[in-house]
Amino acid sequence: MDEKYYPEKIEEKWQKFWEETRAFEVEADSKRQKFYCLEMLPYPSGFLHMGHVRNYSIGDALAWYKRLRGFNVLHPIGWDSFGQPAEQAAIKRNVNPREWTEENITQMRRQFKRLGISYDWRREVAAHRPEYYKWDQWFFLKMYERGLVYRRMSPVNWCPNEKTVLSNEQSSGGVCWRCGWAVEKKDLEQWFVRTTQYAEELIADMAELEAGWPERVLTMQRNWIARSTGAFVDFPVKDSTEKIRVFTTRIDTIYGANAIVLAPEHPSLAKLLEGSTLQADITRFAARVREGRATLKPDEEVEKEGMNTGLFATNPFSGEQLPVWVANYVLMDYGAGAVMSVPAHDERDFEFAQKYTLPIKQVIVPVTHDKEPSGFEPQLSEDVSTEMLNAMTDYGMLVNSGEWSARLSQDAITEMSAHAEKMNFGGAAVTYRLRDWGISRQRFWGAPIPMVYCETCGIVPIAEKDLPVELPASAEFTGTGESPLAGVVEFVTTTCPKCSRPARRDTDTMDTFVDSSWYFFRYCDPQNADAPFDKEKAKYWTPVDQYIGGIEHAVMHLLYTRFWTKMMRDIGLVSFGEPVKNLLTQGMVVAETFYREDEGKRVYFNPADVRVERDAKGRITSAVLISDNRAVTVGDIEKMSKSTNNGVDPNEMIDAYGADAVRVFTLFAAPPENELRWSEAGIDGAVRFLRRVYSMIWKWADVLANDSLGGTPQINETVLRNLPELRRLRQMTHRTIARVTTDFERLHFNTSVAALMELMNAVGDFDALQREVTEAPPEYHATARFVMREALEALVIMLAPFAPHAAEEMWAGLGHTGGILRDAETQARWPQADAVLARKEELEIPVQVNGKLRGRLRVAAETGEEDLRQAALADERVRGFIEGRDVVKVIVVPQRLVNIVVS
RNA sequence: GCGAAAGUGGCGAAACGGCAGACGCGCUGCGCUUAGGACGCAGUCCCGUAAGGGGUGGGGGUUCGAGUCCCCCCUUUCGCACCA
């Protein structure tokens, strides 16, 4: 151990040590309790950013903590290495996606190692390697066998100029990202996974997740799946054998229907309009609406538009003839693609009826007395189109509804659904907003879909034994045309697995969410060549005990992986349906921005190049650019990004402060789910703290090892009894152990670090006191050294999850060999808090009079209720406030406070 | 518009319904230094010399006691957005 703290030296040394001793490599061991600590795998862009650093620092702290508590901890990492950036690099710079990806992985792996994250690197997986995506394809075949994947036409974003498929990002704003042409929708045959088949289970199983997942994420998933209960009702079309099926949640309002409205894409439309004079007009209208939708910007509101088809449908409840309309506000892919329009009791239908002056018939009246109905007096006349100002969407009592009148909405919904079912024209139904998962991508850099098209046999799956269908080494990356694979003749040309005649491969690849849906199962058995993973190994390690990642994956990734797990359960690979027990969604990393206006455009400067001036209160008063010493504008705090130039490079931070300090700051500065505001001053504080601990250990290492000052460190009860300062440090040590332990269990890393800082401060005070002790008997020194060693060792071990390199160095400095994790299988190193020692001997009890603080009592910790009461009433200061008044009540909370209530 | 979460010093933040602001940053003063983006010590919510008073977005309520629980409002952030 050097006298001074040299992070780069220590960090390199211990990284090498961990590698050589295989400190983080683990195997399934049924005799030990496991803990699966998982962080979301990164896309290998080539560089770690601060968001990654935060994510992986959180995970690593937890992994270390659990190891020190004696768990067998699986802590792996891998690469989400398929996807667009590699392909874009290929298009733009003519590099090979595979080489580009592999190079990036090499670079990022080096960065991970520099950060000292404790991964079992033998388990690393990468989505783009055939050994991995072989199993994506295998799963595809399994799902195909079970009817869980199917093919249908579906629209993609299409650039008519470059004749290529664009992703949503590439077509944002409705224009092509490269050429600026208006993006169109184009229908292509694509593969879909039937996620909707599991909709009910995906909703229902969320009950299991309530304890361990953020409420926010569950809410988002619930809204995404959006289960809705209602009923189907079939409306027979006049002069036709066709029926129009609608979905409604308000069958109780059916007597108020004034029209049936179809989505423009409704499949029955063509048949219904056969021979109609309006056919051409309607078709044109439908096409226009569809086009309008394609170029729609995300936030845009669209005016309701519709057309009367001239057809009529019969309301099966009332027998009434209703006109059939087509309108842009009805969605084809929700419910039945058709609705009954009830303007009096639905806002959208109301708006539509207003626009086209359709009759509005009221069939529900409010019955609640304590709640305002929607601003409108009950009317019993039928057509209220002139009086009604808003739709009345509340439940109420049915009126104008034939035999159903006078019932309450809730009852009517059940009874009318049952009636529809009995009469065979509908019935109760549940629908979901959740749609099937489209997994076809017209891209090169993904797992090929293992399907073949044969003229004779049609669509034929590849035989399992012929997997993987390997990606060719390269393709033409022009950025135009359909899937790049379509241009690779050797790839496309194949033979039919069934009839052996020439056939053509599917040239699409799979969505990268496929790769990330099951990767953490593969970590359990990453080299398996015969199966995605060994069931027994997965059974030991999974489900994941703690998953850590960004909130941006709240819906898609986490929903798909939940689906995938259920699918794997149904094909017998796992025995549970939920893959992740606890989820932590960490906040973004943000920083200050600085800019100058230049001809209306903002030019941003990196915070590293700016000097900030503050006033006496610490408020920022101005900022200047260091290079020219002229002022810059202080902008908002924003997410670190290229566009605002406020990012910091983890490599530079590690160079300047060391990985340990970066990690300590990252975990200390904010609770994990909050935003983390980057600050170089803050990281200075982290280094300062580490340095203080380090020099304290250095100073005491010799003393603790040197026996000449009074024998081996040991407790002398007499000394302890007589010297409160020794007891005080012990108390602080044990109190800190208890605090840090509970904070870790709650993932409150910031308060853990704060507690360690307090312990360090106490150690510092104790050390200062010791310097003043010149003459003392040997048993005093022995006891003092025992107490100090206890404090320092606890401090070092509890620091390991945050600053593992420094902790290892100091642990060794305290005379321990073989590293902190030595014998971890048999001996948990985490210190044990002794509740008796952690207790304070003397307490300061606040005394309130009528809830206001009026005095404090110094009492022994075990002082009872009655004594506290007496002491409070007798207190000099307190008496000044109660004199001359009646004491009505005295509330005594032992160990806590006394409140005296006076009149 | 609908839904959810959150508003505490100059800043990041603490606080089983029980002393608001732990811990850290910044700032102020002092010491040590030729010097310091080093180190040490002290101070730092507001008003007041003090005693004391006020203070957790605003207003009400429950309670002996509210940052914490309930109701209304304001603001911010996030998610969803014609979902019948």
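Values in this document were obtained by computation on a predicted structure and should not be read as measured data. Below, read A as the first sequence line, B as the second, and so on, with proteins coming before strands; counting in each chain starts at 1.
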Among the nucleotides B:G18, B:A84, B:C23, whichever has the atom closest to the side chain of A:Leu331 is B:A84
**Report entry** A:Asp743/A:Arg746 ion pair, N-O < 4.0 Å
**Finding:** yes
Query - Nearest-Å distance once atom P is located in both B:C16 and B:G21 - result: 13 Å
B:A51 -> Watson-Crick or G-U wobble partner, both distances under 3.5 Å, gives none
A:Leu756 CG to B:C23 C1', in whole Å, measures 11 Å
When all nucleic acid strands are considered with a 4.0 Å heavy-atom cut-off, which category describes A:Lys304: base, sugar-phosphate, or nothing? base
Hey, would you say the A:Phe668 and A:Phe802 ring centroids sit under 6.0 Å apart?
no
The Watson-Crick or G-U wobble partner of B:U44, with both key distances under 3.5 Å, is B:G26
A:Asn629 vs A:Arg611, side chain to side chain donor-acceptor pair (under 3.5 Å): CA-CA, chis, key distance, verdict = CA-CA 9 Å; A:Asn629 219 27; A:Arg611 192 178 57 243; 3.1 Å; yes
Next item on the list: Tell me what A:Asn850 touches on the nucleic acid: a base, only sugar-phosphate, or nothing, going by heavy atoms under 4.0 Å.
Entry: nothing
Separation of B:A15 atom P from A:Glu758 atom CD, nearest Å, is 12 Å
A:Phe232-A:Phe425 aromatic ring centre distance below 6.0 Å:
no
- Within the structure shown, what part of the strands sits under 4.0 Å from A:Arg677 by heavy-atom distance: base, sugar-phosphate, or nothing? sugar-phosphate
The Watson-Crick or G-U wobble partner of B:G18, with both key distances under 3.5 Å, is B:C64
Among B:C25, B:A84, B:C19, the one nearest any side-chain atom of A:Ser679 is B:C25
- For A:Asp333, which contact category applies under a 4.0 Å heavy-atom criterion: base, sugar-phosphate, or nothing? nothing
| query | What does A:Glu215 touch in the nucleic acid at a heavy-atom separation under 4.0 angstrom: a base, only the sugar-phosphate, or nothing? | reply | nothing
* **N-O pairing of A:Arg216 and A:Glu673 below 4.0 Å** => no
Q: Inspect the contact between A:Glu758 and A:Arg739 and indicate whether a charged nitrogen and a carboxylate oxygen are less than 4.0 angstrom apart.
A: yes
Atom CZ of A:Phe247 and atom P of B:A84 are separated, to the nearest Å, by 7 Å
Roughly how far apart, to the nearest Å, are B:A14 and B:C19 at atom C1'? 14 Å
B:A84 OP1/OP2 closer than 4.0 Å to side-chain N/O of A:Arg245: no
request  = Classify the nucleic acid contact of A:Ala226 as base, sugar-phosphate or nothing, counting any heavy atom under 4.0 Å across all strands shown.
outcome  = nothing
| query | Distance between the C1' atoms of B:U33 and B:C39, in whole angstroms? | reply | 10 Å
Look at all strands and tell whether A:Glu347 reaches a base, only sugar-phosphate, or nothing, counting heavy atoms closer than 4.0 Å. nothing
- Classify the nucleic acid contact of A:Gly335 as base, sugar-phosphate or nothing, counting any heavy atom under 4.0 Å across all strands shown. nothing
inquiry  = Between B:A13 and B:A6, how many Å separate the two C1' atoms, rounded to a whole number?
reply    = 14 Å
Any strand, both distances under 3.5 Å, Watson-Crick or G-U wobble: B:A4 pairs with B:U77
- request: May I ask you to say what A:Arg433 touches in the nucleic acid, namely base, sugar-phosphate or nothing, with a heavy-atom cut-off under 4.0 Å?
  value: base
| message | Between B:C70 and B:G7, how many Å separate the two P atoms, rounded to a whole number? | response | 14 Å
Side-chain contact check for A:Val330: nearest option of B:C78, B:A84, B:C19 is B:A84
Checking N1-N3 plus N6-O4 or O6-N4 for Watson-Crick, or N1-O2 and O6-N3 for wobble, each under 3.5 Å, the partner of B:C39 is B:G31
For A:Arg877, answer base if it contacts any base atom (sugar-phosphate contacts may also be present), sugar-phosphate if it contacts only those atoms, and nothing otherwise; contact means non-hydrogen atoms under 4.0 Å. sugar-phosphate
A:Glu675 CD to B:G12 C1', in whole Å, measures 11 Å
